[in-house]
Amino acid sequence: AQDGPVSDYTFSGFATTFPAITSVSAGSGPAGSEITLTGTGFTKGLGVTFNGFPATEPDFVSDTTITVTVPTGATSGKIGVRGPAGTGYS
């Protein structure tokens with residue numbers, strides 16, 4: 001490790017933008033329903049939750065689109081998309 005002021009170091013490769021959900025293809029649906037999330041800042045390897053219940057294997061379509069299946073046990077509430085910089089909610 002080197003000592004010195006922070007200005008002597010360069011940090012790179014960190015995401016600085018939270019994912020943002022701008023629309024959901026369905027306002028509600030039972031477990032097993034596939035929905036499409038549209039927004040910004042989506043990345044491969046992200047996580048999706050439905051009121052805290054994790055969805056398995058969300059499908060990253062693009063940096064603005066994710067398709068995901070509503071998980072068993074999900075209840076009414078916010079949808080969250082977790083990326084490297086944090087979580088954005090519907």
Side-chain angles (χ1 to χ4, degrees):
Q2 297 178 356
D3 294 325
V6 172
S7 62
D8 288 350
Y9 303 98
T10 302
F11 298 98
S12 62
F14 293 102
T16 57
T17 304
F18 281 52
I21 300 170
T22 56
S23 69
V24 179
S25 66
S28 65
S33 300
E34 184 175 276
I35 64 165
T36 300
L37 304 176
T38 304
T40 59
F42 298 161
T43 59
K44 290 182 181 180
L46 50 75
V48 176
T49 58
F50 289 80
N51 204 29
F53 286 88
T56 56
E57 301 183 33
D59 184 25
F60 172 81
V61 177
S62 72
D63 61 350
T64 61
T65 306
I66 302 166
T67 58
V68 63
T69 301
V70 177
T72 300
T75 57
S76 295
K78 295 186 181 258
I79 299 171
V81 175
R82 184 183 63 253
T87 303
Y89 294 95
S90 62

Using a 3.5 Å cut-off and no angle test, enumerate the donor-acceptor pairs between side-chain atoms of residues 21-30 and protein atoms at least two apart in sequence or in another chain.
| from | atom 1 | to | atom 2 | distance (Å) |
| --- | --- | --- | --- | --- |
| Thr22 | OG1 | Thr38 | O | 3.1 |
| Ser25 | OG | Thr36 | N | 2.9 |

Just list the side-chain donor-acceptor pairs under 3.5 Å for residues 61-84, sequence neighbours left out, or say none.
| from | atom 1 | to | atom 2 | distance (Å) |
| --- | --- | --- | --- | --- |
| Ser62 | OG | Thr64 | N | 3.2 |
| Ser62 | OG | Thr64 | OG1 | 3.1 |
| Ser62 | OG | Thr65 | N | 3.2 |
| Thr67 | OG1 | Asp59 | OD2 | 3.4 |
| Thr75 | OG1 | Asn51 | ND2 | 2.8 |

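For the residue pair Pro19 and Gly86, the shortest heavy atom distance occurs at CD-O, 3.4 Å.
The hydrophobic cluster containing Phe60 also contains Phe50, counting ILVMFWY residues as joined when their side-chain heavy atoms lie under 4.5 angstrom apart, directly or transitively.
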